[in-house]
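Here the structure comes first, spelled out in structure tokens, and everything after it is commentary.
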Amino acid sequence: MSASDSRRARPYALYLGCTIPARVQHFEIASRKVAERLGLQLADVAEFACCGYPIASLDARAAKLLAARNLALAERAGCDILALCTACTGSLTEAAHELQTDPALRDSLNADLAAVGLRYEGSVRVRHLVRVLWEEVGREKIQAAVVRRLDGLLFAPHYGCHYLKPAEAHGDFEDPEAPHTLDDLIAWTGARTLDYPGKLRCCGGGVLATDEKLALGISRNKLREIARRRADAVTLICPFCNIMYDTNQKKIETIFGEPFGVPVLFFPQVLGLAMGFEPRELGLSMNRVQPKALLEKIGIK
Amino acid sequence: MFVNFISKSAPPAFSQIFAPKAIPEMTTQLATPLIIEENQEPEHIDRDFALKVAQRAGGRQLLRCFACGTCTAGCPVAEIDERYNPRRIIRMVLLGLKNEVLRSEFIWLCAGCYTCQERCPQGVRVAEVMRALRNLAVEEGIVHPAFKAQAELIRNMGRIYEIEDFDNKKRVRAGLPELRKNIEDIKTLFERQKLNERLG
């Protein structure tokens with residue numbers, strides 16, 4: 001029995017990262033709601049800090065050290081990590097993978113972690129909420145929880161890059177060229193999924209801080225493909241992708257002179273609607289592009 | 001701080017390249033010798049540069065690159081901005097053009113999406129090579145200001161966004177738990193890693 005199995009009954013340590021609690025609270029609100037209803041227990045670890053991703057460009061080892069610190073905190077609490085941000089998921093997953101396969105690295109990082117009273121043995125498993133929904137909660141339980149089928153709605157899925165890649169670090173959970181878990185989850189609510197050119201293209205968020213116009217141009221390409229095909233909304237699973245497509249959509253429309261008006265929902269908001277939650281319980285008032293038409297289609301005024 | 005040495009002028013049209021009159025006559029002598037004598041080697045060539053990059057995390061496979069361009073073909077950044085071209089960057093590294101690479105702005109334009117890395121037929125960990133190049137630039141004192149600003153926030157607060165009383169009140173109103181405002185451990189870890197010096 002792996003360490004991970006032995007604590008199956010333990011709650012997951014909910015890893016929020018930096019962006020969600022400060023800027024994208026609707027993702028957190030909806031995620032907690034659906035997780036609770038589906039019987040996923042979540043615990044908050046107050047000492048969690050940055051996952052390390054933003055400093056990997058400056059110093060890859062320092063980034064691993066910050067990731068290892070969070071892993072050590074989860075291990076001390078006896079919990080596996082459930083993350084909401086795909087960049088955090090990627091950073092923590094890559095670090096967990098390396099720390100498990102490279103004992104020399106683990107010893108070296110532990111020497112630094114000792115300075116803050118921590119030590120990591122390598123037992124924590126990191127997964128994104130969407131992966132846990134697909135892999136652990138599963139089709140049967142999710143379909144049983146759907147009380148308001150989303151028949152007639154068309155969602156354009158956007159997989160965050162770090163949910164899938166590097167595939168090796170994620171244990172080859174998905175084929176990054178043909179992912180399906182988010183499509184499956186959307187289908188389990190009764191809605192249809194849109195297959196579209198550029199479906200796997202990055203949101204551009206990774207270069208927003210270095211070259212805003214370039215980043216917004218990358219996002220524009222995807223919004224254009226989705227708007228043309230008249231999807232009711234984009235559905236995504238990462239706060240940074242959301243900042244690109246929802247928060248910055250008006251700016252993209254202004255800079256490039258192209259109107260889109262495409263609502264952007266986090267998958268837990270979509271699932272929450274299907275599970276019968278009201279829009280306000282899912283933080284839908286915080287979505288920048290309001291999904292009015294979409295809600296009307298499923299009988300919510 | 002950044003040297004943009006790649007010309008932005010438009011490439012010649014296909015018709016110009018392939019027009020019959022544009023094909024030069026065969027000559028038996030090359031205009032410039034192909035082999036550069038040891039003492040003629042340009043000073044800016046660092047013959048060990050590729051090996052230095054290869055020694056970094058994720059860098060080892062770099063030497064296998066056969067320049068097929070799969071990385072550039074699938075790159076979402078290269079698709080809309082010619083300044084960024086991973087195949088060219090890797091070629092420059094292999095040729096030892098250390099300063100041109102480390103002082104460039106293009107190494108900071110990788111979005112880190114890993115598309116190239118997953119597709120590379122030679123197993124080159126392209127995204128990790130870009131990260132290694134940024135790390136090497138930082139060690140030479142070239143730190144992109146956007147990344148520096150983020151690192152300073154993380155050092156001071158443990159996060160890239162500050163959590164103020166206002167944010168916590170908002171969280172409580174939304175039924176969410178309060179967050180700790182500052183996480184002091186991070187300063188200690190930055191010191192252990194000697195990251196403060198590199199941030200200048």
Side-chain angles (χ1 to χ4, degrees), chain A residues 16-19 21-23 25-26 28-29 32 44 46-50 52-62 64-66 69 87 90 98 111-113 115-118 161-162 164-167 176-177 198 200-207 209-211 214-215 217-218 220-221 283, chain B residues 56-58 76-77 79-81 83-84 105 108-115 117-119 125 127-128 130-132 134-135 138 143-144 146-151 153-154 157-163 167 170-171 174-177 179-180 183-186 188-193 195 198-199:
Chain A
L16 295 170
C18 300
T19 311
R23 292 186 66 184
Q25 289 156 353
H26 45 314
E28 181 183 350
I29 291 169
R32 287 184 191 266
D44 288 280
E47 298 87 358
F48 275 160
C50 172
Y53 182 76
I55 58 168
S57 289
L58 305 181
D59 185 331
R61 187 185 181 277
K64 274 176 209 143
L65 186 56
L66 293 201
R69 178 185 169 278
E98 280 184 60
D112 287 330
L113 287 178
V116 292
L118 288 169
C161 297
H162 301 246
L164 307 168
K165 299 172 276 186
E177 300 291 347
L200 300 178
R201 191 190 281 120
C202 166
C203 70
V207 285
T210 30
D211 190 327
L214 166 60
I218 296 172
R220 183 265 321 259
N221 286 350
Chain B
R56 295 297 171 122
V77 177
E79 186 181 13
I80 63 167
D81 193 329
R83 285 176 300 169
Y84 184 70
E105 67 177 330
W108 301 94
L109 293 178
C110 168
C113 74
Y114 291 101
T115 304
Q117 186 159 321
E118 291 291 341
R119 292 182 180 171
R125 305 175 77 91
E128 288 170 47
M130 295 306 153
R131 190 186 291 166
R134 291 175 183 185
N135 283 194
V138 171
V143 189
H144 192 288
F147 286 90
K148 183 179 171 181
Q150 287 186 345
L153 292 168
I154 293 165
M157 305 175 309
R159 300 193 184 87
I160 50 173
Y161 295 110
E162 188 170 8
I163 297 288
D167 299 290
K170 205 171 142 198
R171 287 181 59 80
L176 301 172
L179 289 172
R180 189 166 296 185
I183 294 157
E184 294 293 328
D185 279 11
I186 306 299
T188 313
L189 295 180
F190 267 53
E191 276 159 27
R192 300 263 325 173
Q193 185 69 20
L195 201 54
R198 260 168 288 162
L199 291 176

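Naming convention: chains lettered A, B, ... in sequence-line order (proteins, then strands); numbering from 1 in each chain. When reading the values below, keep in mind they use all heavy atoms of this one structure, side chains included, and skip hydrogens, waters and symmetry mates.
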What part of [X] gets closer than 4.5 Å to chain B, counting heavy atoms only: side chain, backbone, both or neither?
| X | value |
| --- | --- |
| A:L16 | side chain |
| A:P176 | side chain |
| A:R201 | side chain |
| A:E98 | neither |
| A:Y53 | side chain |
| A:D211 | side chain |
| A:D44 | side chain |

Please rank [options] by heavy-atom pairs under 4.5 Å with chain B and give me the top one.
| options | answer |
| --- | --- |
| A:D112, A:T19, A:L118 | A:D112 |
| A:P21, A:A111, A:P166, A:G205 | A:P166 |
| A:L200, A:V116, A:N221, A:V207 | A:V116 |
| A:S57, A:C50, A:A49 | A:S57 |

So which heavy atom on [X] is nearest to which on [Y], and how close?
| X | Y | answer |
| --- | --- | --- |
| A:G217 | B:I80 | C-CD1, 3.6 Å |
| B:Y161 | A:C18 | CD1-O, 3.6 Å |
| B:A174 | A:I29 | CB-CD1, 3.9 Å |
| A:A62 | B:L195 | CB-CD2, 4.0 Å |
| A:A46 | B:R180 | CB-NH2, 3.7 Å |

Exercise for the section: Any chance you could lay out the side chain to side chain contact (heavy atoms under 4.5 Å, CB included) test for A:L164 and B:E118, step after step, and finish with the verdict? Expected result: CA-CA 10 Å; A:L164 307 168; B:E118 291 291 341; over 6 Å; no
Does a side-chain heavy-atom distance below 4.5 Å link [X] with [Y]?
| X | Y | result |
| --- | --- | --- |
| A:R32 | B:P177 | yes |
| B:L199 | A:L58 | yes |
| A:L66 | B:I154 | yes |
| B:L189 | A:R69 | yes |
| B:F190 | A:I55 | yes |
| A:T210 | B:F147 | yes |

For chain A, which candidate among [options] shows the most heavy-atom pairs at distances under 4.5 Å?
| options | answer |
| --- | --- |
| B:L176, B:I186, B:T188, B:L109 | B:L176 |
| B:R119, B:Q117, B:R56, B:E184 | B:R119 |
| B:A146, B:A111, B:A132 | B:A111 |

In terms of heavy-atom proximity below 4.5 Å to chain A, should [X] be classed as side chain, backbone, both, or neither?
| X | answer |
| --- | --- |
| B:R198 | side chain |
| B:A57 | side chain |
| B:R125 | side chain |

Side chain [X], main chain [Y], donor-acceptor under 3.5 Å:
| X | Y | value |
| --- | --- | --- |
| A:H162 | B:G112 | yes |
| B:N135 | A:A60 | yes |
| A:Q25 | B:R171 | no |

Handout entry: Stepwise side chain to side chain contact (heavy atoms under 4.5 Å, CB included) test for B:Q193 and A:D59
Key = CA-CA 9 Å; B:Q193 185 69 20; A:D59 185 331; 3.1 Å; yes
Practice task
Carefully, step by step, assess A:K165 and B:T115 under the rule side chain to side chain contact (heavy atoms under 4.5 Å, CB included).
Solution key: CA-CA 8 Å; A:K165 299 172 276 186; B:T115 304; 3.2 Å; yes
Handout entry: Between CZ on residue A:R61 and CZ on residue B:R192, distance to nearest 0.5 Å
Key = 8.5 Å
